[in-house]
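All values below come from the heavy atoms of this structure, side chains included, with hydrogens, waters and symmetry mates left out. Whatever order the structure lists them in is the order used to number ligands and atoms, beginning at 1.
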Amino acid sequence: PRSGLLPREYHGTLSTSASGRKCQKWNVQQPHHHDKTPEEFPDKNLGDHNYCRNPDDDINGAWCFTEDPNLRWEYCDNTDF
Ligand SMILES: O=S(=O)(Nc1cnn(C2CCNCC2)c1)c1cc(Cl)ccc1F
């Protein structure tokens with residue numbers, strides 16, 4: 001994968017996307033409405049948190065919806081943005 005991106009099966013606690021934006025919690029629908037909920041994906045380690053995850057098995061690695069209304073989602077990486 002691209003250097004710096006998180007692995008596909010990331011289960012850590014990083015909650016900032018690559019550009020330094022705060023991740024949106026997976027169990028809320030604001031600012032972004034989405035279908036990657038803990039109910040829809042019970043085995044993807046989503047929940048009442050905003051940690052980077054990969055519920056759609058994206059080949060590039062873990063990602064999150066961001067709290068920026070203008071950026072729906074973004075990959076996460078292991079640099080301190
Ligand atoms: O709610 S979503 O998951 N939002 C969304 C949009 N793009 N992504 C990317 C996340 C990382 N992997 C590639 C898709 C997720 C979503 C997925 C699909 Cl298939 C269709 C609509 C939609 F709203």
Side-chain angles (χ1 to χ4, degrees):
R2 239 183 55 209
S3 68
L5 286 179
L6 297 182
R8 284 175 235 172
E9 293 303 318
Y10 178 74
H11 291 280
T13 60
L14 186 77
S15 60
T16 307
S17 68
S19 62
R21 290 172 168 88
K22 186 178 175 190
C23 291
Q24 173 182 316
K25 281 187 175 183
W26 296 101
N27 63 344
V28 303
Q29 296 289 324
Q30 294 299 330
H32 304 289
H33 295 259
H34 65 88
D35 68 357
K36 300 300 181 283
T37 63
E39 295 77 21
E40 288 289 310
F41 296 86
D43 60 338
K44 293 296 182 182
N45 205 264
L46 309 176
D48 185 28
H49 64 71
N50 65 341
Y51 305 141
C52 303
R53 290 291 183 266
N54 192 6
D56 63 345
D57 299 321
D58 187 305
I59 193 168
N60 296 305
W63 56 277
C64 69
F65 294 106
T66 83
E67 294 215 328
D68 178 347
N70 299 309
L71 182 65
R72 182 169 175 76
W73 70 275
E74 188 176 38
Y75 291 112
C76 298
D77 68 13
N78 57 15
T79 55
D80 293 330
F81 57 90

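Applying the side-chain contact (heavy atoms from CB on, under 4.5 Å) test between F65 and each of Q24, Q29, H33, R21 identifies Q24 as the sole match.
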Mind listing the N or O contacts between ligand 1 and protein, cut-off under 3.5 Å?
| from | atom 1 | to | atom 2 | distance (Å) |
| --- | --- | --- | --- | --- |
| ligand 1 | 1 (O) | D35 | N | 3.2 |
| ligand 1 | 1 (O) | D35 | OD1 | 3.3 |
| ligand 1 | 1 (O) | R72 | NH2 | 2.9 |
| ligand 1 | 3 (O) | D35 | OD1 | 3.3 |
| ligand 1 | 3 (O) | K36 | NZ | 2.9 |
| ligand 1 | 4 (N) | R72 | NE | 3.1 |
| ligand 1 | 4 (N) | R72 | NH2 | 3.0 |
| ligand 1 | 7 (N) | W73 | NE1 | 3.3 |
| ligand 1 | 12 (N) | D56 | OD2 | 2.6 |
| ligand 1 | 12 (N) | D58 | OD2 | 2.7 |

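Listed by first and then second residue, the salt bridge (Lys or Arg N to Asp or Glu O under 4.0 Å) pairs that reach into residues 51-64 are K44-D57, sequence neighbours excluded. The disulfide bond (SG atoms under 2.5 Å apart) analysis of residues 5-59, with sequence neighbours excluded, yields the pairs C23-C64, C52-C76.
Side-chain contact check for T66 versus W73: every heavy-atom pair is 4.5 Å or farther apart. Taking the side chain as every heavy atom from C-beta outward, H49 and S15 never approach each other to under 4.5 Å.
For N50, there are no side-chain hydrogen bond (donor to acceptor under 3.5 Å, both in side chains) partners, not counting sequence neighbours.
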